[in-house]
Amino acid sequence: MEKVRSSNLLWAFVAVLLIGFYTVDMQTNNASILSLPGFSSDKGVEQSEPPPSKTISELNNAIVDIADKSKQAVVTVNVTQKVEARPNPFSQFFGDPRQQPEEFERKGHGSGVIVSKDGYVLTNNHVVEDANKIQITLFNDKKFDAEIVGTDPLTDIAVLKIDASNLNVIKLGNSEKLRVGEMVLAIGSPLEANLAHSVSMGIVSAKDRRIGILEQRNAGYENFIQTDAAINPGNSGGALVNMDGELVGVNSAIASRSGGSDGIGFAVPVDIAKRVMKSIIENGRVVRGFLGITSGGEVDGTMAKALELDKAYGIIVGQVEDNGPADKAGLREDDIIQTIDGEPIRSWSGFRTKVATSTPGTKVELGIVRNESQKNVTVTLGELPTDMAANQQRQDQSESMQKKLGFAVEDLTPRIIEELELSQNQNGVIVAKISRQSEAYQQGLRRGHVITEVDRQEISDARDFNTAMKKIVDEGKEVVLLRVLMPGGNSQLIAFEL
């Protein structure tokens with residue numbers, strides 16, 4: 001009996017505890033926790049109102065203001081080209097041989113940016129290339145004939161001039177300070193001229209992009225800003241604007257499988273455009289920086305291990321030109337340059353772009369490794385000589401063409417002619433090396449073959465070969481036809497796709 005009574009007392013005590021901490025609101029049928037000492041209940045307490053949020057509205061208004069102001073400095077560049085009609089293939093048999101080829105006008109358009117009140121306009125070289133007439137349409141629909149002050153195919157920049165004053169201009173920014181993820185606006189005339197001053201928004205997706213369109217075609221200098229802001233045909237030459245309303249890039253190209261915007265657009269950094277424009281206006285030509293070295297190779301993971309480097313990037317110095325800027329600064333063959341002005345060097349093409357787009361007289365600091373010791377060397381850049389620029393361009397074009405084709409050619413020397421038992425007056429080039437993965441190799445081209453014709457045109461040397469191949473690429477042809485002299489003196493045709 002005592003055990004039962006004790007048990008009842010225990011259960012009663014537990015019930016008291018439960019009642020003390022947990023009750024049921026019979027009116028609402030919802031459980032609620034009782035207030036503990038020292039804490040006030042939330043019942044009857046007036047909830048504080050969240051502060052009015054104007055952030056999104058203010059941001060939207062700021063973007064609208066930037067777009068409104070910037071697009072007034074963006075123009076449509078209308079171009080007219082005189083094009084010779086392709087002859088009828090039967091005209092040589094049935095036509096009048098004295099008849100002159102017919103010409104017709106081809107019209108197109110792009111975009112441009114006014115950068116001075118007295119009428120200087122930045123655009124792309126490819127927008128105005130081979131144009132016979134250029135007309136600029138302003139934001140207010142006024143039209144002006146434009147003249148080309150100068151062009152630079154190697155950076156795809158052109159400078160135009162119109163006879164006008166007190167124009168709306170856009171402030172030139174600093175693309176070096178541009179950050180990946182930063183919001184930008186792309187402004188231009190996509191697809192059709194009646195879509196002028198279209199504005200799209202995105203971010204900076206990447207910097208320092210090299211996509212090959214200038215390097216492969218003209219041995220040019222690429223350092224593109226990549227953006228996902230919509231860029232379409234017709235936007236070329238238009239403005240890429242940051243959130244301070246400053247021009248940070250000149251829209252130039254897209255990567256697309258559809259022919260339109262796939263969210264991968266590229267712009268020439270305004271820092272490059274500014275230097276090119278200043279050089280054209282002041283000198284009548286583009287003056288480039290010059291270091292005076294050749295490439296001895298790039299540093300990748302394997303090379304870094306072989307050279308016992310801590311960091312797998314940089315370039316190896318090849319030849320150093322006597323009495324050139326690099327020589328005067330003390331650079332030597334086999335030095336490893338890993339940084340320029342504190343920035344890592346990821347490729348030779350990126351390095352040469354940085355040097356060439358700098359102003360002669362600029363001091364650059366190179367971080368180098370020599371004999372496993374690190375040191376900094378300050379170099380004052382010289383001016384790239386005109387003849388050397390041409391030679392370098394030909395060399396770079398040859399290297400770019402080699403990458404595109406998958407094989408390299410060399411001139412026929414007397415020694416090669418003797419070894420291959422060729423005629424002493426044999427013209428052409430010899431295949432010096434070829435990739436087994438290349439299309440040409442798959443179609444039968446081999447090291448040691450002598451190429452005598454490209455697309456039915458005889459070639460004399462490597463310069464002829466590269467000129468003929470560049471023409472094929474520029475014309476958009478998809479197949480190359482070679483006449484090849486095989487070992488033993490047999491000649492055959494080899495065709496391969498680009």
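Computed from heavy atoms alone, side chains included, the values below leave out hydrogens, waters and symmetry copies.
Checking S175 against D271 by side-chain atom types alone, a donor-acceptor pair falls below 3.5 Å. A side-chain donor-acceptor contact under 3.5 Å links T76 and S189. Using modelled atom types and a 3.5 Å distance limit, the side chains of S373 and N371 yield no donor-acceptor pair. Checked by atom type, the side-chain pair N132/T80 shows no donor-acceptor distance below 3.5 Å. Checking N78 against H109 by side-chain atom types alone, no donor-acceptor pair falls below 3.5 Å.
The closest side-chain heavy-atom distance from R370 to K375 is below 4.5 Å. Residues D335 and V369 fail the side-chain proximity criterion, which asks for heavy atoms closer than 4.5 Å. Here the side chains of L247 and L240 are not in contact, with every heavy-atom distance at 4.5 Å or above. Considering only heavy atoms from C-beta on, T452 stays 4.5 Å or farther from E458 through its side chain. Using a 4.5 Å cut-off on side-chain heavy atoms (C-beta onward), I225 and V204 make contact. Taking 4.5 Å as the limit, every side-chain heavy atom of K433 sits out of range of all side-chain heavy atoms of F407. Taking 4.5 Å as the limit, every side-chain heavy atom of V364 sits out of range of all side-chain heavy atoms of T378. Contact check for I63 versus M183: side-chain heavy atoms found under the 4.5 Å cut-off.
Considering all non-hydrogen atoms of both residues, V113 and G237 come closest at CG2-O, 3.6 Å. Closest of all the heavy-atom pairs between S295 and G297 is OG-N, 3.2 Å. The minimum heavy-atom distance between D455 and V479, with the atom names listed, is OD1-O, 4.5 Å. In this structure, R447 and I434 approach most closely via the heavy-atom pair N-CG2, 3.9 Å. Closest approach of G188 and S111 over heavy atoms only: CA-OG, 3.5 Å. Of all heavy-atom pairs spanning T155 and V268, the tightest one is O-CG2, 3.6 Å.
For the atom pair CD (E497) and CD (Q442), the distance works out to 12.0 Å, reported to the nearest 0.5 Å. Rounding to the nearest 0.5 Å gives a distance of 9.5 Å between CD1 of I264 and CD1 of I254. With values rounded to the nearest 0.5 angstrom, I416 atom CD1 is found 6.0 Å from E410 atom CD. Here OG1 of T467 is found 11.0 Å from CD1 of I472. Values are rounded to the nearest 0.5 Å. Interatomic distance, CG of N124 versus CG of N235, reported as 10.5 Å (0.5 Å rounding). If you take CG on L482 and CD on Q443, they are separated by 11.0 Å, rounding to the nearest 0.5 Å.
A distance-only check finds a donor-acceptor pair linking the side chain of S279 to the backbone of R285 [under 3.5 Å]. Between the side chain of S200 and the backbone N or O of A229, no donor-acceptor pair lies under 3.5 Å. Formation of a donor-acceptor pair under 3.5 Å by the K354 side chain with backbone atoms of I345 is not found in this model. No donor-acceptor distance shorter than 3.5 angstrom exists from the side chain of S70 to the backbone of A67, with no hydrogens or angles considered. Not a single donor-acceptor pair under 3.5 Å links the side chain of N283 to the backbone N or O of I280. Side chain of K207 to main chain of E176: a donor-acceptor pair is present (N/O by atom type, distance under 3.5 Å, no hydrogens or angles). With hydrogens and angles disregarded, a donor-acceptor distance shorter than 3.5 Å links the side chain of Q338 to the backbone of Y313. A donor-acceptor pair is defined here as one N or O able to donate and one able to accept, closer than 3.5 Å; no such pair exists between the side chain of S358 and the backbone of L381. With S236 contributing its side chain and V127 its backbone, the two residues share no donor-acceptor pair below 3.5 Å. A donor-acceptor pair under 3.5 Å links the side-chain atoms of D327 to the main chain of N323, judged by distance alone.
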Subject >> Test log, rule side-chain contact (heavy atoms from CB on, under 4.5 Å), inputs L160 and V149 >> reply: CA-CA 5 Å; L160 309 179; V149 181; 5.8 Å; no
Subject >> CA sep, side-chain torsions, deciding dist, call: F496, L405, side-chain contact (heavy atoms from CB on, under 4.5 Å) >> reply: CA-CA 10 Å; F496 64 93; L405 299 177; 4.1 Å; yes
**OP:** Please lay out, stage by stage, how T339 and L366 fare under the test side-chain contact (heavy atoms from CB on, under 4.5 Å).
**Re:** CA-CA 6 Å; T339 62; L366 304 178; over 6 Å; no
Subject >> I293 and F351: CA distance, side-chain angles, deciding distance, side-chain contact (heavy atoms from CB on, under 4.5 Å) verdict >> reply: CA-CA 11 Å; I293 64 171; F351 179 72; 4.0 Å; yes
Subject >> Steps toward side-chain hydrogen bond (donor to acceptor under 3.5 Å, both in side chains) verdict (S252, D156) >> reply: CA-CA 8 Å; S252 184; D156 197 25; 2.8 Å; yes
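The number of heavy-atom neighbours closer than 6.0 Å to CD of Q374, taken from other residues, nucleotides and ligands shown, is 12 or below. For CD of E478, the number of neighbouring non-hydrogen atoms (other residues, nucleotides, ligands) closer than 6.0 Å is 12 at most. In K117, the NZ atom is crowded: over 12 heavy atoms of neighbouring residues, nucleotides or ligands sit closer than 6.0 Å.
Listed by first and then second residue, the salt bridge (charged side-chain N to carboxylate O under 4.0 Å, His left out) pairs that reach into residues 336-351 come to none, sequence neighbours excluded. Applying the salt bridge (charged side-chain N to carboxylate O under 4.0 Å, His left out) definition to pairs two or more places apart or across chains, those involving residues 231-251 are K171-E246. Sequence neighbours left out, not one pair with a member in residues 159-169 passes salt bridge (charged side-chain N to carboxylate O under 4.0 Å, His left out). For residues 66-75, the pairs satisfying salt bridge (charged side-chain N to carboxylate O under 4.0 Å, His left out) are D68-K71, with sequence neighbours left out.
H197 pairs by the ring-ring contact (aromatic ring centres under 6.0 Å, His included) definition with F139, not counting sequence neighbours. Residues forming a salt bridge (Lys or Arg N to Asp or Glu O under 4.0 Å) with D228 (at least two apart in sequence, or on another chain): none.
Salt bridge absent: R463 and D411 never bring a charged side-chain N and a carboxylate O closer than 4.0 Å. With respect to E222 and R210, no salt bridge is recorded, no charged nitrogen being found less than 4.0 Å from a carboxylate O. Ionic pairing of R288 and D152 is present here: one or more N-O contacts between side-chain nitrogen and carboxylate oxygen are shorter than 4.0 angstrom.
A cation-pi contact, defined as under 6.0 Å to the ring centre and within 45° of the axis, links R446 to Y441.
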